[in-house]
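What follows is a set of notes on a single structure, which appears directly below.
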2 protein chains.
Amino acid sequence: MKKVDTESRQKSILNAIVESYVDSATPVGSRAIAQRFRNAISPATIRNVMADLEELGLIMQPHTSAGRVPTDRGYRFYVDSLLEPKHLTKEEESVINKLIHALGSDIEYAMQNASKAISIVTNVAGVVLMPRLKRSIFKHIELFNMDDSRILAVIVTTSGFVKNSIMDFEEHLTRQELTRITEFLNSELEGVSLGDIKSYLTRKLLEERDSFYTFLKRAADILSVPGLFKADDHLYFDGAACIMSHPEFMDIKKARLFLRACEDKKGLLNLLNQDMELEGVKIHIGKENLYNEIQELSIVTCNYKVNDMTVGAIAAIGPTRMEYGRVISVLKYISNELGKELESLG
Amino acid sequence: MKKVDTESRQKSILNAIVESYVDSATPVGSRAIAQRFRNAISPATIRNVMADLEELGLIMQPHTSAGRVPTDRGYRFYVDSLLEPKHLTKEEESVINKLIHALGSDIEYAMQNASKAISIVTNVAGVVLMPRLKRSIFKHIELFNMDDSRILAVIVTTSGFVKNSIMDFEEHLTRQELTRITEFLNSELEGVSLGDIKSYLTRKLLEERDSFYTFLKRAADILSVPGLFKADDHLYFDGAACIMSHPEFMDIKKARLFLRACEDKKGLLNLLNQDMELEGVKIHIGKENLYNEIQELSIVTCNYKVNDMTVGAIAAIGPTRMEYGRVISVLKYISNELGKELESLG
DNA sequence: ATTAGCACTCTAACAGTTAGAGTGCTATTT
DNA sequence: AAATAGCACTCTAACTGTTAGAGTGCTAAT
């Protein structure tokens, strides 16, 4: 009798279970799996394997004598070890490109459309994180007086982002003074990342205790205004409606919890900011490590780059029963296209 | 026998029906109304009046022998003729103020929080339209070269909004030329609304056919770049989740249609842009004149002002069965507070 | 080691019944 | 003439019991 590698059979059966469940949204029974293998394995055998998988905590039964459903751990194993990459079709790529590389676009539009693209192609909600200013490199600054007490600062980064900020400033600076400060900052800060400007200037401030001090102090004051980086904590979201097409949200209460999670900007922001530091696609399954209330919800994230520098992240949010393979490919593709688009805009 | 004014009785009964239905979300029967009048009128009489109201098309029965439900026309009559203003409680005002007048806020935050405030206090979705740049008055412009082929324009309005725009410009302008153009535009355009700049410059261009022409042409070119006003077609949205608490969305399909309507930025934008032109609160009930698919959905909008000038609008979106009185008061209050906040930021 | 067979369990769907809410009509009262 | 009480009727929502089907676990056979 030919020896069978039990472990690899378990794997391929788990794989079949996950894919069948993702596809059908109903608990999958031994018969269905047997058919998937063209009856090369009998339902009875599969039942035995299933019992093992259940013991391993990878699948579970919603109730006695129902089919099996993957657990969070089951999905985890699936995405870590079994998942094979899906290719996007030409049509899907074309849909994405049309949205992201729209004519006469600007950053806002590109962001908004990227989130829409995610939701349309994957059929789950899409989120896009604004490029992180803090990680962008200082290129140029302009300052001018708006009125007696306020200064408008316009900062341009190497990746082409522009940020302006109005700041109250107790003492009036003359145009000459402003020009000097502007010139100073421009020569001094080239190549410093926006997030480091403050500490950079503070360090300078400690070194220079001479006549230059007051001058430097003013420059530092101008740039240390809180709120300089505030507005870029912004998320673009799309696809709340298409989420409702998933059968898991037949129950309104679940739908509501889901929407609540989607509206929790702070939580999402944290997650994205964190995931952004790592390269490539990250997957958070169910209650694994979600910032949020216990619920059947997965988040897949991916960083995006402008000029080889990670500046932001995009994500897909949906039920744990999600086509991870497709979602991963889509996020990879979109993050890449978005980066290109931003480069062309910047 | 004391003479009864049938018409006024009809009105007060319609009023009772609407309020009872808004409150309970279940069709209201004659008994319930009688109790509302402390049995000063018997159920039988009320039934007769109800039959009349039904004939007038103001109420209807979902099925024989169910209670009555207001029709769109019924709601319309109610909001036009019966509705009496509700006052906000101190707590509600305080919740709103805390959100809108948050410390260290900026425009983005104020907008976002205004939409959140709407949804929290009214329990329906809140939408806020970015201040319309086109309606803002030009105050100041600064131009500088980003690189050989691109110019960064920063425009400040009298209401304190700042808009920047990067534009490709085939021929390189020297710093001197840019300074001259900047000075020219600043002296020339003071007090012109941003929406009128283009036609204003074109007119000038026709008048001046002398040596000044090329110069003016350049200035006009710079400001006629499409996309100058693009990014402010932005809506802030909040409260998708709290919508789901309404019993009309027990049916997932309705919930989905509703969310789809909320995500239809274009439609909402049109509606808000249109309503903005009128002073005060506007109400769109059900299929009355909605941009959208036929569905039980009402939108209440209100313009908001900065320095006595209407610059934007806010809205509440919910099921037709909505507490119109409260929603109206809340929108009035929030639009006012939002205006004040923007003034203080601007 | 695998599979066939069987008893068992659980659910979803259906039909039948009932209680309750609400109506419209008519006869009666004011 | 206007308002009301009473009554027959209708419709729904909730509950029951029943059944078909899907799926399991176990055991015995291959």
Side-chain angles (χ1 to χ4, degrees), chain A residues 1-14 16-17 20-21 23-56 58-71 247-248 250-251, chain B residues 1-14 16-17 20-21 23-56 58-71 247-248 250-251:
Chain A
M1 165 126 272
K2 66 167 181 275
K3 177 113 200 287
V4 176
D5 180 348
T6 25
E7 196 174 318
S8 81
R9 185 164 65 187
Q10 283 185 346
K11 280 188 190 173
S12 73
I13 287 181
L14 177 60
I17 293 175
S20 169
Y21 182 64
D23 189 50
S24 69
T26 54
V28 3
S30 49
R31 261 183 73 84
I33 297 298
Q35 271 165 14
R36 240 187 147 80
F37 285 99
R38 292 198 205 92
N39 294 308
I41 319 176
S42 84
T45 309
I46 290 175
R47 282 205 282 281
N48 290 330
V49 178
M50 278 174 151
D52 296 345
L53 288 173
E54 183 151 14
E55 202 153 330
L56 290 169
L58 299 174
I59 57 178
M60 59 158 291
Q61 291 177 278
H63 57 82
T64 334
S65 124
R68 304 303 214 286
V69 165
T71 60
E248 22 272 280
M250 287 292 282
D251 178 6
Chain B
M1 163 124 273
K2 65 168 181 279
K3 176 111 201 283
V4 176
D5 178 349
T6 25
E7 196 174 320
S8 80
R9 185 163 64 187
Q10 282 185 346
K11 281 187 189 174
S12 73
I13 287 182
L14 177 60
I17 292 174
S20 169
Y21 182 64
D23 189 50
S24 69
T26 56
V28 2
S30 50
R31 260 184 73 85
I33 296 300
Q35 271 165 15
R36 241 188 146 78
F37 285 100
R38 292 196 205 94
N39 294 309
I41 318 177
S42 84
T45 309
I46 291 175
R47 282 203 282 281
N48 289 330
V49 178
M50 278 173 151
D52 295 346
L53 289 173
E54 184 151 14
E55 203 152 329
L56 291 170
L58 299 173
I59 58 179
M60 58 160 291
Q61 291 177 279
H63 56 82
T64 333
S65 124
R68 302 309 213 283
V69 164
T71 60
E248 22 271 280
M250 287 293 281
D251 178 6

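Numbered from 1 within each chain, the chains take letters A, B, ... in sequence-line order. Values in this document were obtained by computation on a predicted structure and should not be read as measured data.
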Check your understanding: Is there a donor-acceptor pair under 3.5 Å between the side chain of A/Ser12 and the backbone N or O of A/Arg9?
Key -> yes

Exercise for review: Could you check which residues of residues 32-45 of chain B get a heavy atom under 4.0 Å from DNA chain C? Sort them by number, please.
Suggested key: none

Practice item. Compare all side-chain heavy atoms of B/Ile17 with those of B/Leu53 and state whether any distance is below 4.5 angstrom. Key: yes

Practice item. Specify the separation, in whole Å, of atom CD1 of A/Ile17 and atom P of D/dT24. Key: 9 Å

Review point. Quick one: OG on A/Ser30 to CZ on A/Arg68, what's the gap to the nearest 0.5 Å?
Key: 8.0 Å

Point to revise | Distance test, side-chain N/O of A/Arg68 to OP1/OP2 of D/dG25, below 4.0 Å | key: yes

Check your understanding: Do B/Glu54 and B/Ile59 touch side chain to side chain, with heavy atoms closer than 4.5 Å?
Key -> yes

Check your understanding: Rounded to the nearest 0.5 Å, how far apart are CE of A/Met50 and OG1 of A/Thr45?
Key -> 12.0 Å

Practice item. Counting heavy atoms from C-beta on, name the nucleotide in D/dG25, D/dT4, C/dG24 closest to the side chain of B/Asn48. Key: D/dT4

Practice item. Please report the shortest heavy-atom distance between A/Ala66 and A/Gln61, naming the atom on each side. Key: O-NE2, 3.2 Å

Check your understanding: To the nearest angstrom, how far is B/Met50 atom CE from C/dA21 atom P?
Key -> 16 Å

Study note, to complete from the structure: So CD of B/Gln35 and OG of B/Ser20: to nearest 0.5 Å the spacing works out to 10.0 Å

Exercise for review: Quickly work out the A/Ile13 CD1 to C/dT2 C1' distance and round it to whole Å.
Suggested key: 12 Å

Practice item. Establish, with yes or no, whether the OP1 or OP2 oxygen of D/dG21 is under 4.0 angstrom from a side-chain nitrogen or oxygen of A/Arg31. Key: no

**Study point:** Nearest-angstrom distance from the residue atom CD of A/Glu54 to P of D/dC26
**Key:** 11 Å

Revision key, fill the gap. For nucleotides 6-16 of chain C, 5' to 3', base contacts (B), sugar-phosphate-only contacts (S) and non-contacts (-) with protein non-hydrogen atoms under 4.0 Å give ---BSS-----

Review point. Do B/Gln10 and B/Leu58 come within less than 4.5 Å of each other through their side chains, counting heavy atoms only?
Key: no

Point to revise | Interatomic distance, B/Ile46 CD1 vs C/dG24 P [rounded to whole Å] | key: 13 Å

Point to revise | Distance in Å, B/Ile33 CD1 paired with B/Ile46 CD1, rounded so as to fall on 0.5 Å steps | key: 6.5 Å

